[in-house]
Structures are given as structure tokens and as C-alpha cells.
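Structure, as C-alpha cells:
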Amino acid sequence: MNHLEMPTLCQGAMETWFQQVTTEGSRLLRNGVVSKIKPRFVSCNFEEQTVELAYDVLEWELNPQNVIHGGIIATAFDTTLGLLCHYYTKPYVVTTVSLNTAYHKPIFLGDTFYIKARLEFQGRSLCNLMGEAWIKNKTVVAASSSAIFKVLNEVQNNSLV
């Protein structure tokens, strides 16, 4: 079925869902690493199949060179791309198959980076997504990523909200 024809998937529903899953107290932000990196909803575009989340660099995320650890950036990509994939494949569970991240510029304590993710392809069991991390008022690309997610036959028994 074409997701553009599905009544529960539309711009308004997408905005509401992303606002809910990134609000403190949602299941997504109750425990684990995602609750520690604190994603914030910025915007989404249903027709373009994109979402943008913001992440503030926190002191515990720094590496010995006092820039954000690459693993934190990869985790933010996995979170952002995974949530976008989950939105278009719900109610099914998705899992990361591969995540490739390239680092272009350092991101420092006090910076906010914005990840814009785009769903490139959605098949019956695999989805391809791309993302870019922007800094300096969204004028500098600090990192980029591509990912493949597997859509499992299992239905999500708990909402992320």
C-alpha cells in the first residue's frame, strides 16, 4: 500500500507523533542511551519523507580532545534515522542492519547539531535512509550517514509515546 494513501499517515499525524516521542516521559526517553542524548523535535515533512531533530552537546559526550565522541554522533544518527523509518513502517518493529557515518568537522561542547534524515527507499522488508548533521546555524555539515533498516514481522506491542 502506498503510504501517501494511508489515512493515519499525514503531515499533521507525523508532527504529532514526533513531538510525542521526543517529549520527556515518552517511552523512548525513559531509559537507555537515547534518554541521555535528549533528542528534540525540530520539523518534519511528510511528502519529502524527512525529519529534523536537534541534539545539544553535553559534557559527558566529549572525547579526550574535548569534541563530541564519534559514537555519540553515530547514536544520534541511528536514533533519528530509526525513528523516521519507524514512523513509515509502524506498527512494525525495525532494527538497524547497517549504519555508515562519515565525520567532516568537529562538534564542540556548547554546540547544537541538527540531524536531517530522509527516507530514500522503502521496500517490504528493508528501508534505506540518509542523514546529515549540521552545525553553526545549519550552515556547516559536520557529519553524514546512511543506514539500512530491516522491517521485522513483529508488531510493536508498546508505543514509543
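When reading the values below, keep in mind they use all heavy atoms of this one structure, side chains included, and skip hydrogens, waters and symmetry mates.
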* To do: Report the C-alpha separation of Ile115 and Phe77 in whole Å, then their side-chain angles, then the decisive distance to 0.1 Å, and conclude whether the side chain to side chain contact (heavy atoms under 4.5 Å, CB included) test is met.
  => CA-CA 7 Å; Ile115 294 183; Phe77 274 120; 3.8 Å; yes
Answer whether the closest heavy-atom distance between the side chains of [X] and [Y] falls below 4.5 Å.
X	Y	answer
Phe108	Pro106	yes
Met14	Leu84	yes
Leu152	Val94	no
Val67	Ile107	no
Thr23	Leu29	no
Val51	Lys116	no

* Please report the C-alpha distance between Val42 and Leu53 in whole Å, then the side-chain angles of each, then the deciding distance to 0.1 Å, and finally whether the side chain to side chain contact (heavy atoms under 4.5 Å, CB included) criterion is met. => CA-CA 5 Å; Val42 176; Leu53 300 181; 5.6 Å; no
Atom pair [atom1] ([X]) and [atom2] ([Y]), whose distance is rounded to the nearest 0.5 Å:
X	Y	atom1	atom2	value
Asp56	Ile68	CG	CD1	10.0 Å
Lys105	Ile135	NZ	CD1	8.5 Å
Glu59	Asn66	CD	CG	8.5 Å
Ser125	Tyr92	OG	OH	12.5 Å
Lys38	Leu58	NZ	CG	6.0 Å
Phe149	Leu119	CZ	CG	10.5 Å

hydrophobic_cluster_shared for [Y] and [X], side chain cutoff 4.5 Å:
X	Y	value
Tyr103	Tyr114	no
Met130	Val141	no
Val140	Ile72	yes

* Asked: What pair of heavy atoms forms the shortest contact from Trp134 to Lys138, and how long is it?
  ->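 Closest approach of Trp134 to Lys138, heavy atoms only: CE3-O, 3.3 Å.
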* Asked: Where do Ala143 and His104 come nearest, in terms of heavy atoms and distance?
  ->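 What the structure gives for the nearest pair is CA-CD2, 3.4 Å.
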Expected output: side-chain [X] to main-chain [Y] donor-acceptor under 3.5 Å:
X	Y	answer
Asn45	Glu47	yes
Ser145	Asn100	yes
Ser35	Gly32	yes
Glu120	Asn128	no
Arg118	Glu48	no

* Asked: Can you list the steps and then say if Leu109 with Leu62 is a side chain to side chain contact (heavy atoms under 4.5 Å, CB included)?
  -> CA-CA 7 Å; Leu109 180 64; Leu62 300 179; 4.1 Å; yes
* Is Glu24 salt-bridged to Arg40, cutoff N-O under 4.0 Å? ->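 Not counted as a salt bridge, because no side-chain N and carboxylate O are separated by less than 4.0 Å.
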* To do: For the pair Phe18 and Phe41, name the ring-plane relationship: parallel under 30°, tilted 30 to 60°, perpendicular over 60°.
  =>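 Parallel.
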* To do: Could you check Leu28, Val34, Asp78 and say which one makes a side-chain contact (heavy atoms from CB on, under 4.5 Å) with Leu83?
  =>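 Result for side-chain contact (heavy atoms from CB on, under 4.5 Å) with Leu83: Leu28.
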* Verify the ring-centre separation between His69 and Trp60: is it less than 6.0 angstrom? =>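 Here the rings of His69 and Trp60 have centres that are no less than 6.0 Å from each other.
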* To do: Mind running side chain to side chain donor-acceptor pair (under 3.5 Å) on Glu15 and Gln11 for me, showing each step along the way?
  => CA-CA 6 Å; Glu15 290 171 7; Gln11 181 66 34; 2.7 Å; yes
* Asked: Yes or no on side chain to side chain contact (heavy atoms under 4.5 Å, CB included) for Tyr88 and Val151, after CA distance, side-chain angles and deciding distance?
  -> CA-CA 10 Å; Tyr88 284 100; Val151 181; over 6 Å; no
* Set of residues satisfying ring-ring contact (aromatic ring centres under 6.0 Å, His included) with respect to Tyr55, sequence neighbours excluded ->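 Partners of Tyr55 by the ring-ring contact (aromatic ring centres under 6.0 Å, His included) criterion, ordered by chain and then number, come out as Phe113.
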